[in-house]
Amino acid sequence: ARAAKRIDQVAHRSTGDGSVDVSELRYEVMYFIDLADDSIEAFKRAWGDIGDSIVVVGGDGLWNCHVHTNDIGAAIEAAIDNGGRPHKIRVTDLFEEVAEEHAQREASLKATSAVASAPRRSAFAGAGLPAVTCAIVAVSSGDGLTDLFAQLGVQGVISGGQTLNPSTAELLDAVEAVNARQVIVLPNNKNIIPVAEQLDALTTKTVIVVGTRSMPEALASLVLYDPEASAATNAREMSQAAESVATGEVTQAVRDTGSEAGQITTGDWIGIVRGDGIVAVNGTLTGAATALLDHLVTDDREIVTLIEGAQATGSTTDALRAWLADERPDVQVEVHRGGQPLYPYLFGVE
């Protein structure tokens, strides 16, 4: 996996500051770009002048880029003007997709179709999606993560997580809904992997499971997702990316127990690392989160991704940023809103 890979997301703008209304942007432009890392900020500024919903993913000279805009030519020229080479360019007419989706929904309502039988499927999985060689279905535990997955090219999302695992039928429904004959499934939880592995035998599509066990692993794997590559190729690249990430999570204890990190009392905050178990116990969220980061962020790590859950607060996030700036000044820090329940912070360290 690329040592400098990262996810850069430009927030949606509103008309309140005089910028373009996102709802009026007609085209989705996506492509890979060969561009020097020191030119990427100028490229993103150029895109910021012509569009919104901007996502730039990558590093080490290769970037996967996504924008909503009304000026297709300018979206492509921005890469060339900054010394880059765009390739695998894809353009989607969002207005046509919305019209098709509305027509589908009206027909479904009139026919009392079975769409309602899969209430946990995300709205962007289904008819009207662009045809790709290989599509992604992912399990998401928060609305922010769902939005980010969509912007990174995921066609189907199922709600699920530690306490709400989707069924095989729900996953299969999402696999059938995406617009591809080859599908990669990201379970994002160890308990969902065995369920997902049943899918290939239940459909005529080719389904390969990349055994992601956390949301940060999924985000890292999506850096290398290529919708025009085969499922086998994507699975190989994405698995390597996921395995390169050290992940941790902070949650609150629901009972008294013991651990190698110390005695745990109900209500304590605990930091958990994949493979190491509980590594931090503290009476405060900030204390547990910083102790977890101290364990995760070793000298060979370069990027720290913080995914804020439903219980995260701005003051706690600021405190974690400050701790990293003081204690690990050489790492790059990225923060994304995940919205996941029960886990105020998920960490991915690369």
Side-chain angles (χ1 to χ4, degrees), residues 5-9 11 138-149 152 159-164 186 188-191 212-222 242 244-254 259 261-262 264-298 301-329 331-350:
K5 70 187 175 187
R6 62 181 183 271
I7 299 174
D8 290 325
Q9 184 177 17
V139 177
S140 173
S141 61
D143 57 348
L145 284 160
T146 295
D147 290 342
L148 187 54
F149 284 163
L152 293 174
S159 298
Q162 191 67 26
T163 60
L164 185 65
L186 302 178
N188 302 334
N189 185 287
K190 66 179 182 179
N191 297 329
T212 49
R213 290 164 285 181
S214 67
M215 301 299 158
E217 287 185 9
L219 293 178
S221 71
L222 286 168
S244 72
V245 182
T247 65
E249 55 198 24
V250 182
T251 190
Q252 200 162 25
V254 296
S259 75
I264 300 172
T265 301
T266 301
D268 281 345
W269 292 96
I270 56 177
I272 306 169
V273 173
R274 184 192 72 198
D276 295 342
I278 297 171
V279 300
V281 180
N282 198 281
T284 69
L285 173 57
T286 302
T290 52
L292 175 57
L293 287 170
D294 189 44
H295 180 92
L296 279 173
V297 189
T298 54
R301 302 294 182 175
E302 300 175 349
I303 303 170
V304 177
T305 300
L306 280 66
I307 302 176
E308 297 177 308
Q311 296 169 279
T313 64
S315 59
T316 302
T317 300
D318 289 343
L320 298 182
R321 282 183 176 273
W323 185 90
L324 287 165
D326 291 339
E327 301 296 330
R328 304 291 194 276
V331 302
Q332 175 185 320
V333 180
E334 299 174 2
V335 178
H336 299 285
R337 188 187 71 85
Q340 68 276 0
L342 303 180
Y343 297 88
Y345 291 95
L346 303 175
F347 300 132
V349 184
E350 304 171 57

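Quick caveat, the model's predicted, so the values are computed rather than measured.
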Checklist entry - At their closest point, which heavy atom of Thr313 faces which heavy atom of Tyr345, and how far apart are they? => result O-OH, 3.2 Å
Checklist entry - So which heavy atom on Ser159 is nearest to which on Val139, and how close? => result C-CG1, 4.4 Å
Item to check | Results of side-chain contact (heavy atoms from CB on, under 4.5 Å) for Ser214 - residues two or more places apart only | outcome: Pro216, Glu217, Thr247
Checklist entry - In Å, rounded to the nearest 0.5 Å, how long is the span from CD of Glu308 to OG1 of Thr317? => result 3.5 Å
Checklist entry - Do Leu219 and Leu152 come close enough that some side-chain heavy atom pair is under 4.5 Å? => result yes
Checklist entry - Side-chain contact, heavy-atom cut-off 4.5 Å: Ile303 with Glu334? => result yes
Item to check | Rounded distance [0.5 Å steps], CG in Leu292 versus CG in Leu320 | outcome: 9.5 Å
Checklist entry - Can any side-chain N or O of Thr290 pair as donor or acceptor with the backbone N or O of Thr286 at less than 3.5 Å? => result yes
Item to check | Nearest heavy-atom neighbours spanning Ser141 and Leu145 | outcome: OG-CD1, 3.8 Å
Checklist entry - Which value, rounded to the nearest 0.5 Å, describes the distance between Gln252 atom CD and Ile264 atom CD1? => result 12.0 Å
Next on the checklist: Quick one, Leu293 with Arg328, criterion side chain to side chain contact (heavy atoms under 4.5 Å, CB included). Give me CA distance, side-chain angles, the key distance, then yes/no.
Outcome noted: CA-CA 10 Å; Leu293 287 170; Arg328 304 291 194 276; over 6 Å; no
Checklist entry - So, for Leu346 and Gln340, which heavy atoms are closest and what is the spacing to 0.1 Å? => result CG-NE2, 3.5 Å
Item to check | Audit row: Phe347, His295, side chain to side chain contact (heavy atoms under 4.5 Å, CB included) steps and yes/no | outcome: CA-CA 11 Å; Phe347 300 132; His295 180 92; over 6 Å; no
Checklist entry - Which pair of non-hydrogen atoms, one from Leu285 and one from Trp269, has the smallest distance, and what is that distance? => result N-CD1, 3.2 Å
Checklist entry - Less than 4.5 Å apart, any side-chain heavy atom of Arg337 and any of Leu148? => result no
Checklist entry - When you look at Leu324 and Leu306, which way does the side chain to side chain contact (heavy atoms under 4.5 Å, CB included) test go after all the steps? => result CA-CA 11 Å; Leu324 287 165; Leu306 280 66; 4.2 Å; yes
Checklist entry - How many angstroms lie between CZ in Arg213 and CG in Asn189, if you round to the nearest 0.5 Å? => result 10.5 Å
Item to check | Option among Val304, Val335, Thr316, Asp326 that satisfies the side-chain contact (heavy atoms from CB on, under 4.5 Å) test with Arg321 | outcome: Val335
Checklist entry - What distance separates Leu186 CG from Ser140 OG, expressed to the nearest 0.5 Å? => result 11.0 Å
Next on the checklist: Determine whether Val245 and Thr305 satisfy the following criterion, side chain to side chain contact (heavy atoms under 4.5 Å, CB included), listing intermediate values before the conclusion.
Outcome noted: CA-CA 10 Å; Val245 182; Thr305 300; over 6 Å; no
Item to check | Smallest separation among heavy atoms of Val281 and Gly262, with atom names | outcome: CG2-O, 4.3 Å
Checklist entry - In chain order, what residues pass the side-chain contact (heavy atoms from CB on, under 4.5 Å) check against Thr298, with sequence neighbours excluded? => result Asp300, Arg301
Item to check | Residues that Asp318 engages under side-chain hydrogen bond (donor to acceptor under 3.5 Å, both in side chains), provided they are two or more places apart | outcome: none
